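Quick note: numbers below take in every heavy atom, side chains included, and nothing from hydrogens, waters or symmetry partners. A quick note: this is a predicted structure, and the numbers were derived from the prediction, not measured. All residue numbers in this chain count up from 1 along the given sequence.
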Amino acid sequence: MKDKLVDREYKNNVFCDLFSEKSNALSLYNALNHTDYQNTDELEIVTLSDVIFMQQKNDVSIMFQNELALWEHQSTLNYNMPLRGLVYFAHNIDGILKSRGITLYGKKMVKIPSPDYYVFYNGRDETPDRQDLKLSDSFITPKEGYEWTAHMLNINAGHNQELLDRCPALKGYALLVKYTREYQTKGVDLKEAVEQAIDRCIQENELKSYLLKKKAEVSLMLLTEFNQEAFARVIREEGIEEGTTRLNQLNSYLIAEKRFDDLARATKDKQYQSQLYKEYGL
């Protein structure tokens, strides 16, 4: 796939960053499919560039074993994930076909990789270990023969432990979020809660090499995630959706340009946040 279709540098959250590494992606694929593939060279990360598809792309996409697997992390419940997943898949397939010079206007049938779509949920609402969300549930008029499924897996403590044990990176990510929330519950400031959660994971040998290598970046990504999660809760309670999209776009721009100091300041300084909105025309 051409470089312009894949952004290998930009990562908007820890989940995306972790599973954009081939070894972790293969580990998660194996955990989901009960396989034991070892050759990471056969796996291709094909996540679409956020520059091209701002707010219309999933966290991680991989090509492996003639499958296009799409993985999405969610900290808030969203029953529109099947529809969103269909859009993600269409964008990915369109990018793949264009990168290979394939058109859909000839007589010969174009073969495409089969889809597999998982949503990893670690929000605060109670959900079962697994829910298969169906696109057809959102049809105004029921119609058979058209379907898209989002497999939503709960990765909070006490859920899908077997899956987490099979994929150390996913388990480490789940613990990182869990520990941050635990420290927040004890009244610890978010920034300090994130730092303590990272240190605890390192001490427990969870994501140790990854966190030692990228501690500062992970801290900022987690701060962004938790601020977005808190903001989304407020937005949800007030019945407003526009604001969260605006904030997500701003944070995405700042991270893409590695303006981490501005990102941290914007989470606390609303006047500065407004200034940044104007700067990016949001």
Side-chain angles (χ1 to χ4, degrees), residues 1-12 15-16 19-74 78-120 130-153 167 252 256:
M1 177 165 290
K2 296 180 181 178
D3 290 340
K4 69 178 182 179
L5 294 175
V6 183
D7 188 340
R8 301 184 187 279
E9 296 298 326
Y10 171 74
K11 310 294 185 301
N12 60 357
F15 180 90
C16 179
F19 294 102
S20 292
E21 295 183 7
K22 283 189 173 184
S23 59
N24 291 334
L26 184 57
S27 174
L28 182 52
Y29 179 92
N30 283 330
L32 291 168
N33 295 281
H34 298 275
T35 53
D36 190 30
Y37 293 106
Q38 299 295 322
N39 189 359
T40 57
D41 291 336
E42 296 177 357
L43 181 147
E44 184 180 4
I45 304 293
V46 294
T47 310
L48 289 169
S49 170
D50 200 83
V51 174
I52 298 174
F53 291 104
M54 180 66 68
Q55 301 302 320
Q56 295 183 19
K57 57 176 282 296
N58 66 300
D59 285 331
V60 180
S61 303
I62 69 165
M63 282 273 287
F64 189 63
Q65 297 297 309
N66 296 316
E67 291 183 15
L68 176 56
L70 296 90
W71 300 331
E72 181 82 355
H73 156 260
Q74 285 286 295
N78 188 327
Y79 292 104
N80 293 312
M81 295 312 294
L83 181 55
R84 285 175 55 179
L86 180 61
V87 173
Y88 298 151
F89 183 75
H91 284 328
N92 272 270
I93 287 295
D94 184 55
I96 290 169
L97 295 181
K98 285 180 179 177
S99 72
R100 297 175 180 175
I102 299 174
T103 68
L104 303 178
Y105 302 104
K107 181 179 180 180
K108 184 178 178 180
M109 178 182 290
V110 173
K111 295 291 187 177
I112 62 173
S114 55
D116 203 14
Y117 181 46
Y118 281 90
V119 178
F120 299 92
R130 175 175 177 138
Q131 295 183 75
D132 287 338
L133 307 179
K134 304 288 188 178
L135 178 67
S136 58
D137 290 338
S138 64
F139 291 170
I140 296 174
T141 302
K143 191 176 186 67
E144 295 183 0
Y146 298 89
E147 194 58 274
W148 179 270
T149 304
H151 309 296
M152 188 170 75
L153 304 180
C167 182
S252 296

His151 ring center near Tyr118 ring center (under 6.0 Å): yes

Which class fits the ring pair Tyr37 and Tyr29: parallel under 30°, tilted 30 to 60°, perpendicular over 60°? tilted

Sidechain-backbone polar pair: Glu147 side chain, Ser136 backbone, donor-acceptor under 3.5 Å: yes

If you measure from CD1 on Ile45 to CD1 on Ile62, what distance do you get to the nearest 0.5 Å? 6.5 Å

Count the heavy atoms belonging to other residues, nucleotides or ligands that lie under 6.0 Å from CG of Asp132, then report whether that count exceeds 12. yes

Shortest non-hydrogen contact from Ser61 toward Thr47: N-OG1, 2.9 Å

Could you tell me if the side chain of Lys98 sits less than 4.5 Å from the side chain of Arg100, heavy atoms only? no

Between Lys22 and Thr40, which heavy-atom pair has the shortest distance, and what is it? CD-O, 3.5 Å

Are Tyr146 and Phe139 an aromatic pair by the rule of ring centers under 6.0 Å? no

Any side-chain heavy-atom pair of Pro82 and Thr149 under 4.5 Å: no

In sequence, state the C-alpha distance, the side-chain angles, and the governing distance for Asp59 and Trp71, and then conclude on side chain to side chain contact (heavy atoms under 4.5 Å, CB included). CA-CA 6 Å; Asp59 285 331; Trp71 300 331; 5.9 Å; no

Enter the distance from Gln65:CD to Thr35:OG1 here, rounded to the nearest 0.5 Å. 8.0 Å

Ignoring hydrogens and angles, tell me if any N or O in the side chain of Asn78 forms a donor-acceptor pair with the backbone of Asn80 under 3.5 Å. yes

Between Phe120 and Phe15, how do the two ring planes meet: parallel, tilted or perpendicular, split at 30° and 60°? tilted

Between Phe89 and Tyr117, is the ring centroid distance below 6.0 Å? no

Note, Leu104 side chain near Leu97 side chain (heavy atom, < 4.5 Å): yes

Say whether, by atom type as modelled, one donor and one acceptor occur between the side chain of Asp94 and the main chain of Ala90 under 3.5 angstrom. no

Less than 4.5 Å apart, side chain to side chain, heavy atoms only: is that true for Leu153 and Val119? no

Is any side-chain heavy atom of Asn92 less than 4.5 Å from a side-chain heavy atom of Leu68? yes

Glu67 versus Pro113: any side-chain heavy-atom pair under 4.5 Å? no

Does any non-hydrogen side-chain atom of Trp148 lie less than 4.5 Å from one of Lys134? no

Is there a side chain to side chain contact (heavy atoms under 4.5 Å, CB included) between Met152 and Met81 once you walk through the steps? CA-CA 9 Å; Met152 188 170 75; Met81 295 312 294; 5.6 Å; no

Test item: Ser27 side-chain N/O and Ser23 main-chain N/O as donor-acceptor pair under 3.5 Å: no

Knowing that exactly one of Asn30, Leu32, Leu28 qualifies, which makes a side chain to side chain contact (heavy atoms under 4.5 Å, CB included) with Cys167? Leu28

Here the gap from Leu70 atom CG to Tyr88 atom OH, rounded to the nearest 0.5 Å, amounts to 9.5 Å

Answer yes or no: is there a side-chain heavy-atom contact under 4.5 Å between Leu83 and Leu135? yes

Shortest non-hydrogen contact between Val110 and Thr103, atoms and distance: CG2-O, 3.6 Å

Please evaluate residues Met63 and Ile96 with respect to the criterion side chain to side chain contact (heavy atoms under 4.5 Å, CB included), reporting the C-alpha separation (whole Å), side-chain torsions for both, the decisive distance (0.1 Å), and the verdict. CA-CA 10 Å; Met63 282 273 287; Ile96 290 169; 4.0 Å; yes

